[in-house]
Number of protein chains: 2
Amino acid sequence: MSENVGRWLRDEIENSILSNEFSPGERLDETVLATRFGVSRTPVREALMQLDAIGLIEIRPRRGAIVIDPGPHRVYEMFEVMAELEGLAGSLAARRLDEASREAITASHGRCEKSAAAGDSDAYYYDNEEFHKAIYAAGRSEFLEEQCVQLHRRLRPYRRLQLRVRNRLSTSFSEHCAIVDAIFAGDGDKARRLLRTHVGIQGERFSDLVASMAAR
Amino acid sequence: MSENVGRWLRDEIENSILSNEFSPGERLDETVLATRFGVSRTPVREALMQLDAIGLIEIRPRRGAIVIDPGPHRVYEMFEVMAELEGLAGSLAARRLDEASREAITASHGRCEKSAAAGDSDAYYYDNEEFHKAIYAAGRSEFLEEQCVQLHRRLRPYRRLQLRVRNRLSTSFSEHCAIVDAIFAGDGDKARRLLRTHVGIQGERFSDLVASMAAR
DNA sequence: GTCAACAATCGTGTATACAAGAATTGTGTT
DNA sequence: AACACAATTCTTGTATACACGATTGTTGAC
């Protein structure tokens with residue numbers, strides 16, 4: 001539990017939203033949350049204000065807070081931006097790679113290989129996250145890294161759905177291989193291009209996403 | 001004044017920060033702000049929480065809020081990301097351009113031409129903002145548009161400094177011309193490339209930025 | 001004269017109280 | 001039976017009170 005209740009609540013509620021414990025469109029009652037977490041309404045409100053600022057919920061004046069429902073089209077737009085940012089991170093990584101970053105990428109890439117070979121999509125989900133974070137970090141742009149991590153968090157639930165699609169694990173991993181090669185070869189443009197197509201959801205992958213979102 | 005005091009305060013304080021009325025590193029005392037705006041500490045705190053979530057200030061537990069000082073290097077990183085997002089917006093605009101967007105771009109481009117010819121850097125500053133917003137809108141990605149607008153806001157003070165540099169007005173406008181041509185020609189890749197270099201700050205423009213930031 | 005410890009003061013964090021606006025339910029009328 | 005209006009209830013928005021931690025100033029010792 002963080003040093004002040006407000007922060008802690010923010011993280012708690014944010015996780016609850018991202019793990020779909022609070023479903024999109026659901027109303028978040030301040031009093032209910034307060035009693036549920038055993039605190040007063042004040043820190044609850046502060047947490048909600050922050051989540052509103054981040055864009056996870058919407059506070060309609062005098063009418064309470066609701067969890068934002070992005071909808072398939074907006075999720076697609078978010079992936080589009082994510083692809084662009086990851087592409088930039090990859091091209092920077094290729095140019096600025098140092099020994100520590102190289103090792104971090106190699107390590108997480110290795111873990112991905114294991115989970116992919118085992119067909120363990122849950123494990124791959126986590127290892128994949130570490131792999132991408134390693135690339136953000138290798139780009140040596142703190143601001144870009146923060147933006148990437150934040151957007152990655154918001155897309156987490158959908159990413160998870162995607163991995164369930166047949167064969168996605170092995171194709172994802174082979175794409176990783178090409179990305180790693182490009183970064184290690186110092187080919188920024190290639191790394192950018194590969195990451196953009198790896199992260200973006202084109203063609204049939206978009207219908208997969210829509211289908212899995214509708215299934216909930 | 002917005003419907004609730006919290007929102008209003010958030011905008012008010014945000015503007016004060018972006019217009020450098022509160023300088024970077026400055027401490028924001030809740031009680032002082034409350035009396036200054038004639039409200040209680042509660043809405044002030046809520047405004048500060050939101051600004052913290054956005055990244056404009058930092059709230060250190062039990063030690064108050066301070067205005068974040070990005071520093072030249074971080075500002076550079078922010079421009080780097082901005083360039084990438086604008087590039088994406090431009091490429092989307094080229095692909096998805098419709099009549100309304102085309103007219104909006106043409107109109108704001110025309111206003112830029114006038115202010116540039118008149119050498120009026122303040123007028124150009126506003127017209128330029130409208131021009132870029134027209135491109136965001138033409139991309140038809142609400143999420144991307146929001147991200148662009150938000151980052152554009154945060155970079156506003158530095159952008160303003162940049163325009164003061166000698167000859168920047170005319171070179172900026174001629175770059176606009178090329179961008180408009182690419183978008184109207186439907187050449188997404190070219191629009192992307194041109195916007196990236198237009199927005200990014202490479203070479204001597206970076207030292208200009210550092211110099212003007214140090215001058216304050 | 002300088003450094004350390006303690007005390008007083010100041011500011012933040014949380015709870016609670018109160019006011020005002022929305023939503024809901026009940027009643028009356030058509 | 002259905003719709004409209006009114007009253008009540010519930011929830012949000014703001015203010016205030018209180019407690020705890022941090023900061024600063026002062027005093028004493030080395």
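The basis for the numbers below is simple: all heavy atoms, side chains too, and nothing from hydrogens, waters or symmetry mates. Sequence lines set the chain letters: A, B, ... in the order given, protein chains first and strands last, and positions in each chain run from 1.
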Roughly how many Å is it from [atom1] in [X] to [atom2] in [N], rounded to a whole number?
X       : N      : atom1 : atom2 : value
B:Gln50 : D:dG13 : CD    : P     : 11 Å
B:Arg60 : C:dG11 : CZ    : P     : 14 Å
B:Ile57 : C:dT12 : CD1   : C1'   : 13 Å
A:Leu33 : D:dT12 : CG    : P     : 9 Å
A:Arg27 : D:dT11 : CZ    : P     : 7 Å
A:Asp52 : D:dT12 : CG    : P     : 14 Å
B:Met49 : D:dT14 : CE    : P     : 16 Å
B:Leu48 : C:dG13 : CG    : P     : 10 Å

Base of C:dT16 paired with side chain of A:Thr42 (donor-acceptor, under 3.5 Å):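 Pair found.
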
Presence of donor-acceptor pair under 3.5 Å, side chain of A:Arg7 and base of C:dG13: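 By the distance-only test, no, there is no pair.
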
Closest to side chain of [X], choosing from [options]:
X       : options                : result
A:Asn4  : C:dT14, C:dG11, D:dG13 : C:dT14
B:Glu30 : C:dG11, D:dT16, C:dG13 : C:dG13
B:Asp29 : C:dT12, D:dT12, D:dT14 : C:dT12
B:Arg41 : C:dA23, C:dT12, C:dA17 : C:dT12
A:Pro43 : D:dA22, C:dA22, C:dA15 : C:dA15

Phosphate contact (D:dC20 OP1 or OP2) by B:Arg62 side-chain N/O below 4.0 Å: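 Answer is no, no contact under 4.0 Å.
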
A:Arg63 vs C:dA23: side-chain N/O to OP1/OP2 distance below 4.0 Å: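 Checking A:Arg63 against C:dA23: at least one side-chain N or O falls below 4.0 Å of OP1 or OP2.
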
B:Arg7 and B:Glu12 ion-paired at < 4.0 Å: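 Looking at B:Arg7 and B:Glu12, the cut-off is not met.
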
Derivation and outcome, side-chain hydrogen bond (donor to acceptor under 3.5 Å, both in side chains), residues B:Ser172 and B:Tyr124: CA-CA 10 Å; B:Ser172 170; B:Tyr124 188 84; 2.6 Å; yes

Plane angle bin for B:His176 and B:Phe131 - parallel if under 30°, tilted between 30 and 60°, otherwise perpendicular: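 Aromatic pair B:Phe131/B:His176 classed parallel.
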
Plane angle bin for A:Trp8 and A:Phe37 - parallel if under 30°, tilted between 30 and 60°, otherwise perpendicular: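 Correct class here is perpendicular.
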
Closest contact, heavy atoms only, B:Arg192 versus B:Ser91: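 In this case the closest contact between B:Arg192 and B:Ser91 is NH2-OG, 3.5 Å.
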
